[in-house]
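These notes concern the structure reproduced below.
Worth knowing before you read on, the calculation uses all heavy atoms, side chains too, and leaves out hydrogens, waters and symmetry mates. In what follows, chains are A, B, ... by sequence order, proteins preceding strands, each numbered from 1.
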Protein chains: 2
Amino acid sequence: MGRPTIADIAERVGVSKGAVSFALNGRPGIAESTRARILQVAKEMNWRPHSAARALGGARADAAGLVIARPASTLGVEPFFAQLLSGLQAGLSARSVALHLMIVEDAAAEIEVYRDWASAHRVDGFIVVDLKVRDPRVEVLEELGVPAVVLGGPGRHGALSSVWADDREAMLSVADYLAALGHRRIAHVAGLPEFRHTQRRMRALRDSSRRLGLADTVSVTTDFSDAEGAAATRTLLSRPRRPTAIVYDSDVMALAGLGVAGEMGVRVPGELSIVAFDDSVLTRIAHPSITALSRDTVAYGRTLAEVMLELIDDPGRRRDVRTATPRLTVRESTAPPGSWQED
Amino acid sequence: MGRPTIADIAERVGVSKGAVSFALNGRPGIAESTRARILQVAKEMNWRPHSAARALGGARADAAGLVIARPASTLGVEPFFAQLLSGLQAGLSARSVALHLMIVEDAAAEIEVYRDWASAHRVDGFIVVDLKVRDPRVEVLEELGVPAVVLGGPGRHGALSSVWADDREAMLSVADYLAALGHRRIAHVAGLPEFRHTQRRMRALRDSSRRLGLADTVSVTTDFSDAEGAAATRTLLSRPRRPTAIVYDSDVMALAGLGVAGEMGVRVPGELSIVAFDDSVLTRIAHPSITALSRDTVAYGRTLAEVMLELIDDPGRRRDVRTATPRLTVRESTAPPGSWQED
DNA sequence: TCCCGCAACTATACCGGTTTAGTACCCCCC
DNA sequence: GGGGGGTACTAAACCGGTATAGTTGCGGGA
């Protein structure tokens with residue numbers, strides 16, 4: 001015999017399928033003694049629910065969906081993403097909710113997967129990352145009527161819930177700090193231009209520039225890879241009036257930039273200050289160690305999980321959770337410009 | 001009306017449910033003209049299969065299961081794991097197979113999840129990582145009769161398939177290289193002692209030591225974290241006759257070790273050579289850059305996916321795929337001992 | 001004493017597909 | 001013109017649970 005079903009249990013105990021179902025789900029209408037007998041036999045036979053059968057009846061899938069449209073290669077590089085994933089998973093696992101994951105080529109394929117999984121009841125909700133400017137996914141998810149949490153915000157994600165950190169505030173604090181050190185030419189090696197948070201950081205730097213009366217602030221967009229981060233740094237440092245400080249949109253790019261500075265003979269922090277968005281083991285163990293905007297990424301993922309679980313319980317809700325603004329952790333890579341201290 | 005079912009299509013076209021099912025699955029016994037009409041209507045109504053209903057009938061789940069028993073925090077740190085995951089996903093996605101992921105507390109919980117998912121037909125097979133010495137999971141998976149691919153090998157995974165790289169060979173090549181440079185005291189900062197690959201690397205170094213007549217080779221086990229990697233390095237470098245070369249079981253620990261060397265005033269590679277298992281952006285952009293055993297981790301993941309897909313197609317099979325042995329990529333962190341060159 | 005009401009069940013429909021047994025019909029051929 | 005065989009379908013069972021309407025038996029109140 002294959003795996004036992006509730007019908008097998010019912011036969012063995014001598015009751016009906018319905019009684020077994022009621023007993024196993026702790027619903028009233030079954031005598032305590034009968035319930036105990038059923039549970040006993042179920043345990044003996046090593047019975048386990050068949051989630052597909054339950055799902056057919058409209059029950060939970062006990063899974064959250066995460067679809068990512070990125071080249072697989074860039075995924076592996078970023079500690080941020082891996083940490084987020086592990087926090088997310090940890091949060092979901094506490095309630096035995098699995099993560100249904102898929103990497104696809106582009107946004108169109110991503111939307112296709114949303115439709116598939118939603119109509120197949122494969123997941124109870126979606127987690128949306130890499131929110132873009134005028135993101136078509138938002139509309140689709142609203143139409144599908146499936147719970148969804150957007151990572152990033154605030155705003156522009158319609159009726160969907162979101163979890164976000166204040167990128168703008170973080171960038172302003174970096175600009176203030178660098179300006180206070182005396183920097184006038186600040187560059188920004190940003191991520192993908194179509195991401196909302198990239199735009200927000202760029203705008204924040206522009207605004208700071210105006211407010212603080214800085215000379216040349218410039219943002220260069222990249223694909224987040226260490227290669228493009230290095231290339232952008234090379235370009236910036238080759239300018240006639242090169243920047244005295246560079247802010248990177250990821251720790252990986254900051255580390256790559258640090259390498260380029262070394263290769264070009266530009267001293268850090270003597271001639272160039274470096275700040276990284278996102279803190280990780282990379283920034284801590286670099287030499288010199290890198291000043292970074294740190295946040296607890298694992299906790300960020302856990303918050304995401306929390307909101308997702310709430311939404312699954314109560315699909316009508318909409319929540320916007322703002323997590324702690326990343327705080328500047330000052331290390332060795334920042335100093336007043338032109339300070340020729342030994343590194 | 002909710003989402004359309006094949007019954008809705010059948011009604012609209014004026015045929016039976018069975019005919020629609022046959023048409024949609026491209027099975028013979030339906031006239032071409034009828035099939036075309038059915039497909040047309042299905043498309044119009046935006047029909048999508050309900051995977052739970054299919055699964056009930058015993059069909060594929062189109063998902064592979066990956067359960068990891070590790071603290072979430074260590075997961076986020078390692079580029080190796082993230083890259084493996086992205087390669088795996090990329091390989092699976094090509095055939096629209098999703099990854100069902102769950103992080104659990106311990107091995108017992110992991111086994112529980114195997115039983116659950118297997119009996120619920122939630123996944124078509126499992127991917128097993130972190131193979132341990134006398135791993136109880138192997139037996140359970142064999143008993144469940146579900147396809148499974150073990151990462152790591154060879155041997156000791158019973159009837160299960162595996163994908164592995166030759167850790168032993170790799171460690172031997174490192175020892176040979178360091179000995180050729182003139183090193184006599186080689187230390188090894190290893191990973192978790194219960195992992196098979198950790199054991200294999202430790203044994204390989206011991207064997208090399210005997211074969212090459214080295215003085216003090218020693219392996220210290222850690223939990224793979226940068227903190228323990230740093231601590232182990234500190235201990236090793238504080239010994240009266242400290243090692244002239246250290247091999248680390250991960251790139252993260254190697255980088256942490258490099259930091260400790262700097263902090264203790266030990267020059268790399270002048271006074272200490274450093275080699276890392278697993279190559280990544282970390283080893284490339286460190287200063288000095290770190291000599292590493294590189295392999296294409298993303299490709300490794302893709303191979304894993306390939307074997308998994310084969311097993312899903314033909315559950316009776318058993319495959320043992322040996323992937324390319326990691327090759328030594330020499331960078332700036334290795335040199336003959338006592339060479340006081342500038343770094 | 002009779003009826004009501006409730007607890008403790010049973011029997012059965014249902015979810016949305018797949019699959020099998022059965023049937024109507026046509027063509028071919030002796 | 002009747003039998004054989006294949007094609008193109010239909011009807012219904014089935015997968016393993018959940019939900020619901022119905023049934024039985026018992027205790028209590030009028």
Side-chain angles (χ1 to χ4, degrees), chain A residues 1-39 41-42 45-63 115-124, chain B residues 1-39 41-42 45-63 115-124:
Chain A
M1 190 184 76
R3 50 190 112 269
T5 69
I6 55 167
D8 298 325
I9 299 175
E11 192 185 359
R12 185 116 142 220
V13 177
V15 293
S16 70
K17 268 174 65 181
V20 175
S21 175
F22 272 47
L24 290 171
N25 290 292
R27 299 173 45 150
I30 300 290
E32 238 0 277
S33 59
T34 314
R35 180 191 308 278
R37 219 146 34 88
I38 290 172
L39 291 180
V41 171
M45 300 179 82
N46 197 23
W47 174 86
R48 277 144 205 282
H50 192 302
S51 65
R54 279 198 168 144
L56 245 193
R60 298 274 157 81
D62 280 332
R115 292 191 188 281
D116 267 354
W117 289 3
S119 59
H121 275 302
R122 244 183 132 121
V123 296
D124 301 316
Chain B
M1 190 183 76
R3 50 188 111 269
T5 69
I6 55 166
D8 298 325
I9 299 175
E11 193 187 355
R12 185 116 140 218
V13 177
V15 293
S16 69
K17 268 173 66 181
V20 174
S21 176
F22 273 49
L24 290 172
N25 290 292
R27 298 174 47 149
I30 300 290
E32 238 1 276
S33 58
T34 314
R35 181 191 307 277
R37 219 145 34 90
I38 291 172
L39 292 180
V41 170
M45 299 179 82
N46 197 24
W47 175 86
R48 277 143 205 283
H50 192 302
S51 66
R54 280 198 168 144
L56 244 192
R60 299 272 157 81
D62 280 331
R115 292 191 188 281
D116 268 354
W117 289 3
S119 60
H121 275 301
R122 244 183 133 120
V123 297
D124 301 316

Atom pairs under 3.5 Å, N or O on each side, protein against nucleotides 17-20 of chain D: can you list them with distances?
unit_1, atom_1, unit_2, atom_2, d
D:dG17, OP1, A:Trp47, NE1, 3.0
D:dG17, OP2, A:Ile6, N, 2.9
D:dG17, N7, A:Lys17, NZ, 3.0
D:dG17, O6, A:Lys17, NZ, 3.0
D:dT18, OP1, A:Asn25, ND2, 3.3
D:dT18, OP1, A:Arg54, NE, 2.8
D:dT18, OP1, A:Arg54, NH2, 3.3
D:dT18, OP2, A:Ser21, OG, 2.7
D:dT18, OP2, A:Asn25, ND2, 3.1
D:dA19, OP2, A:Arg27, NH1, 2.6

>> I need the minimum non-hydrogen distance between A:Pro49 and B:Ser119, along with the two atoms involved.
In response: O-OG, 4.5 Å
>> I need the minimum non-hydrogen distance between A:Asp62 and A:Asp124, along with the two atoms involved.
In response: N-OD2, 2.7 Å
>> For B:Lys17, is there any backbone N or O sitting under 3.5 Å from a side-chain donor or acceptor partner on B:Ser21?
In response: no
> Is any side-chain heavy atom of A:Arg3 closer than 4.5 Å to a side-chain heavy atom of B:Arg115?
Replying inline: no
> Closest heavy-atom contact between B:Ser51 and A:Arg122?
Replying inline: OG-CG, 3.4 Å
> At what distance, to the nearest 0.5 angstrom, does NE2 of A:His121 lie from CG of A:Leu56?
Replying inline: 9.0 Å
> If every non-hydrogen atom of A:Ile30 is compared with every non-hydrogen atom of A:Ala23, which pair is closest and at what distance?
Replying inline: CG1-N, 4.2 Å
> Is there a donor-acceptor pair under 3.5 Å between the side chain of B:Arg12 and the backbone N or O of B:Ala42?
Replying inline: no
> Do you know the tightest heavy-atom contact between A:Ala52 and B:Ala55?
Replying inline: CB-CB, 3.6 Å
> Does B:Thr34 have a side-chain nitrogen or oxygen under 4.0 Å from the phosphate oxygens OP1 or OP2 of D:dA8?
Replying inline: no
>> Taking the axis from the first five pairs and the axis from the last five, what angle separates them in the helix from C:dT1-D:dA30 to C:dC30-D:dG1, rounded to 10 degrees?
In response: 70°
> So, the side chain of B:Arg35 versus the backbone of B:Arg27: is there a donor-acceptor pair under 3.5 Å, distance only?
Replying inline: yes
>> Distance under 4.0 Å to a non-hydrogen atom of chain B counts as contact; along DNA chain C, which nucleotides mark the start and end?
In response: C:dG16 to C:dT20
